[in-house]
Amino acid sequence: DRIGGLLMYGIPNMKLQKELVQRRVDILAEEGIVFVTNTEVGKDVSVEQLETDFDAVVLCIGATVPRDLPVEGRELNGVHFAMDFLKANTKSLLDSEHKDGQYINAQGKNVVVIGGGDTGTDCIGTSLRHQCSSAIQLEIMPRPPEKREENSNPWPQWPKRLLVDYGQKEAIEIQGQDPRQYLVMTKKIESDEQGNVKAVQTVDITWEQNDKGQMFPQEVAGSEKVLPADIVLIAMGFMGPEGGLVEQFGLEQDNRSNIAAEYDKFATSKEGVFAAGDGRRGQSLIVWAIDEGRRCAREVDSYLMGKSYLP
Ligand SMILES: Cc1cc2nc3c(=O)[nH]c(=O)nc-3n(C[C@H](O)[C@H](O)[C@H](O)COP(=O)(O)OP(=O)(O)OC[C@H]3O[C@@H](n4cnc5c(N)ncnc54)[C@H](O)[C@@H]3O)c2cc1C
C-alpha cells in the first residue's frame with residue numbers, strides 16, 4: 001500500500017525516516033512516473049497483460065522469501081518471521097502511531113531473535129522500543145574477532161571483525177550486556193498449555209569438518225539451555241524473490257533462486273524483460289539497489305531507442 005519496498009517497510013523508521021523515502025517517491029511522481037499500489041503482478045495484473053501493454057518490463061521485486069527454522073514448536077503462537085514483525089510495526093506506526101494495535105507488541109515480553117545479522121538487529125532495536133522485558137539474539141556462527149586477522153583476512157577482503165550496531169549498543173545500555181550469543185543452535189521451541197511459545201531450547205555447538213571437507217555443527221554435550229521466550233523472531237536470511245512471478249514470466253534463475261541476469265546488462269532470459277536490485281542480486285544493500293536501478297534504466301533506454309545518453 002506504500003511505495004518504497006524494504007526502505008518503507010523493512011528498514012525500521014529509527015534507521016531510515018519514512019518522510020525521506022516518501023519525499024523521493026513524491027519527486028518521482030511529479031516527474032510523471034505512475035505508481036500503482038495494492039496491486040500484485042501475477043495476481044491482480046497478469047504477466048500477459050504487462051507484456052502486451054508495455055515494450056519493456058523491469059522486475060525489481062526484491063528477495064524476501066525468509067529462510068525458515070525447521071524445529072519442533074515452529075508453529076506455536078508467538079513465533080514469527082522477522083519481516084512480519086518489522087513490517088507490521090512500521091505500518092501500524094505510519095497508519096496510526098500504533099493506536100490501531102495491528103502489530104506484534106513486544107512490551108513486557110521476553111524476545112528471542114534467531115539470527116545475528118542486520119535484520120535480527122533491527123528486531124532487537126524494535127523490541128527495545130516496545131519496552132520488552134528482555135531481548136536475546138542467537139547466532140550459530142562464531143563471534144568475530146575484535147580486530148581483523150591480517151593473515152587469514154587481509155586487505156582488500158572485507159574485514160571480518162566484531163561490529164556493535166545500534167541494536168546491540170542500546171541493549172548493552174538497557175540490559176547491561178550484548179544481546180548476542182554465539183555458536184548457539186536452536187533445538188526446540190517449547191509450548192505452554194494454550195499453544196503459545198514459552199521457551200527456546202538451545203545447545204552450544206562447535207564447527208567441525210567432515211572427511212569431505214564440509215563444515216558441520218557439532219553439539220557440545222551438556223551445554224543445553226532453556227531460554228524463557230514469549231516472542232521468537234526468525235531472522236535467518238532470505239532465499240530469493242517471493243511468489244512465483246519469476247516462474248510465470250518463465251525466467252531463468254541463478255543457483256540462489258534469484259532472477260538470472262548479468263550485472264550491467266540486466267536482460268533476463270526473456271526478450272524485453274529486465275531485472276535489477278535484490279531480485280537479481282539477492283538480499284543486499286540500498287546502494288546496490290540504487291546502482292542497479294540506474295544502470296538498468298540505461299540498458300532499457302538503449303534497448304528501446306538503440307542508444308542511450310543516460311550515465
Ligand atoms: C530488515 C532489513 C533491514 C535492512 N537494512 C538496511 C540498511 O540499513 N541499509 C541498507 O543499505 N540496506 C538495508 N537492507 C537492504 C535493503 O533494504 C534492500 O537491499 C533494498 O531495499 C533492495 O531494494 P529493491 O528495490 O531491490 O527490493 P525491495 O526493497 O525488496 O522492493 C521490492 C518491491 O517489489 C514489490 N513486489 C514484489 N513482488 C511484487 C509483485 N508480484 N507485484 C508487485 N509488486 C511486487 C514489493 O512489495 C516491494 O515493494 C535491509 C533489509 C532488511 C530486510
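The basis for the numbers below is simple: all heavy atoms, side chains too, and nothing from hydrogens, waters or symmetry mates. As the structure is a computational prediction, the values presented were derived from the model and not from experiment. One-based numbering, in listed order, for ligands and for the atoms of each.
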For this session: Would you please determine whether Met83 falls within less than 4.0 Å of ligand 1 on a heavy-atom basis?
Result: yes
Exercise. In the protein, what heavy atom is nearest to atom 44 (N) of ligand 1, and what distance, to one decimal place, separates them?
Worked result: Thr39 O, 4.3 Å
Exercise. To the nearest 0.5 Å, how far apart are NE2 in His98 and OG1 in Thr90?
Worked result: 7.5 Å
For this session: Ignoring hydrogens, tell whether any protein atom lies closer than 4.0 Å to atom 1 (C) of ligand 1; use the non-hydrogen atoms only.
Result: yes
Exercise. Which residue and non-hydrogen atom of the protein lie closest to atom 49 (O) of ligand 1, and at what distance in Å?
Worked result: Gly5 CA, 3.2 Å
Exercise. Would Glu51 and Lys270 pass as an ion pair if we require N to O under 4.0 Å?
Worked result: yes
Exercise. Which ligand 1 atoms are under 4.0 Å away from a heavy-atom of Glu40?
Worked result: 41 (N), 42 (N)
Exercise. Would the number of heavy atoms belonging to other residues, nucleotides or ligands and lying under 6.0 Å from CD of Gln177 be above 12?
Worked result: no
For this session: Considering only protein heavy atoms, determine whether one is less than 4.0 Å from atom 34 (O) of ligand 1.
Result: yes
Seminar exercise, completed: For Leu86, the atoms of ligand 1 under 4.0 Å from one of its heavy atoms are 1 (C)
Exercise. For atom 32 (C) of ligand 1, what's the nearest protein heavy atom and its distance?
Worked result: Cys60 O, 3.3 Å
For this session: With Arg74 as the cation and Phe81 as the aromatic partner, state whether NZ or CZ is under 6.0 Å from the six-membered ring centre and within 45° of the axis.
Result: yes
For this session: Mind checking whether Lys43 contacts ligand 1 via backbone (N, CA, C, O), side chain (CB onward), both or neither, at a 4.0 Å heavy-atom cut-off?
Result: neither
Exercise. Are Lys307 and Asp301 close enough for a salt bridge, meaning some N to O gap below 4.0 Å?
Worked result: no
Exercise. Would you say Gly42 touches ligand 1, if touching means a heavy atom closer than 4.0 Å?
Worked result: no
Exercise. What residue and atom, counting heavy atoms only, is the protein's closest point to atom 51 (C) of ligand 1, and at what distance?
Worked result: Gln283 OE1, 3.5 Å
For this session: Taking atom CD of Glu271 as the centre, report whether more than 12 heavy atoms of other residues, nucleotides or ligands fall under 6.0 Å from it.
Result: no
For this session: Verify whether the ring centers belonging to Tyr103 and Phe85 lie closer than 6.0 Å.
Result: no
Problem set entry | Charged N-O contact under 4.0 Å between Glu292 and Arg281 | yes
Exercise. What do we get for Glu292 next to ligand 1 when only non-hydrogen atoms under 4.0 Å count, side chain, backbone, both or neither?
Worked result: neither
Problem set entry | Atom NZ of Lys87: over 12 foreign heavy atoms under 6.0 Å | no
Exercise. When rounded to the nearest 0.5 angstrom, what is the spacing between CD1 in Ile136 and CG in Asp178?
Worked result: 11.5 Å
Exercise. What residue and atom, counting heavy atoms only, is the protein's closest point to atom 26 (O) of ligand 1, and at what distance?
Worked result: Asp278 N, 2.9 Å
For this session: Take every heavy atom of Leu245, measure it against each atom of ligand 1, and state whether any distance is under 4.0 Å.
Result: yes
Exercise. Starting from atom 4 (C) of ligand 1, which protein heavy atom do you reach first, and at what distance in Å?
Worked result: Ile11 CG1, 3.4 Å
For this session: Give a yes or no on whether a salt bridge exists between Lys187 and Glu219, defined as a side-chain N under 4.0 angstrom from a carboxylate O.
Result: yes
Exercise. Can Glu72 and Lys188 be counted as an ion pair, charged N to O under 4.0 angstrom?
Worked result: yes
Problem set entry | ligand 1 atoms in contact with Ala289 (distance to a heavy atom under 4.0 Å) | 22 (C), 23 (O)
Exercise. Hey, looking at atom 52 (C) of ligand 1, which of Ile286, Thr119, Asp44, Val45 has the closest heavy atom?
Worked result: Thr119
For this session: Enumerate the atoms of ligand 1 whose separation from the nearest heavy atom of Gly62 is less than 4.0 angstrom.
Result: 27 (O), 30 (O), 32 (C)
For this session: Keeping the roles fixed (side chain from Arg148, backbone from Asn153), state whether a donor-acceptor pair exists under 3.5 Å.
Result: yes
Exercise. Tell me, which protein residue and heavy-atom name are nearest atom 3 (C) of ligand 1, and how many Å apart are they?
Worked result: Asp122 OD2, 3.1 Å
For this session: Show which atoms of ligand 1 fall inside a sub-4.0 Å distance from at least one heavy-atom site of Gly277.
Result: 26 (O)
Exercise. To the nearest 0.1 Å, how far is atom 40 (C) of ligand 1 from its closest protein heavy atom, and which atom is that?
Worked result: Val41 N, 3.7 Å
Exercise. Of Val36, Leu6, Leu16, Ile61, which has the heavy atom at the shortest distance from atom 38 (N) of ligand 1?
Worked result: Ile61
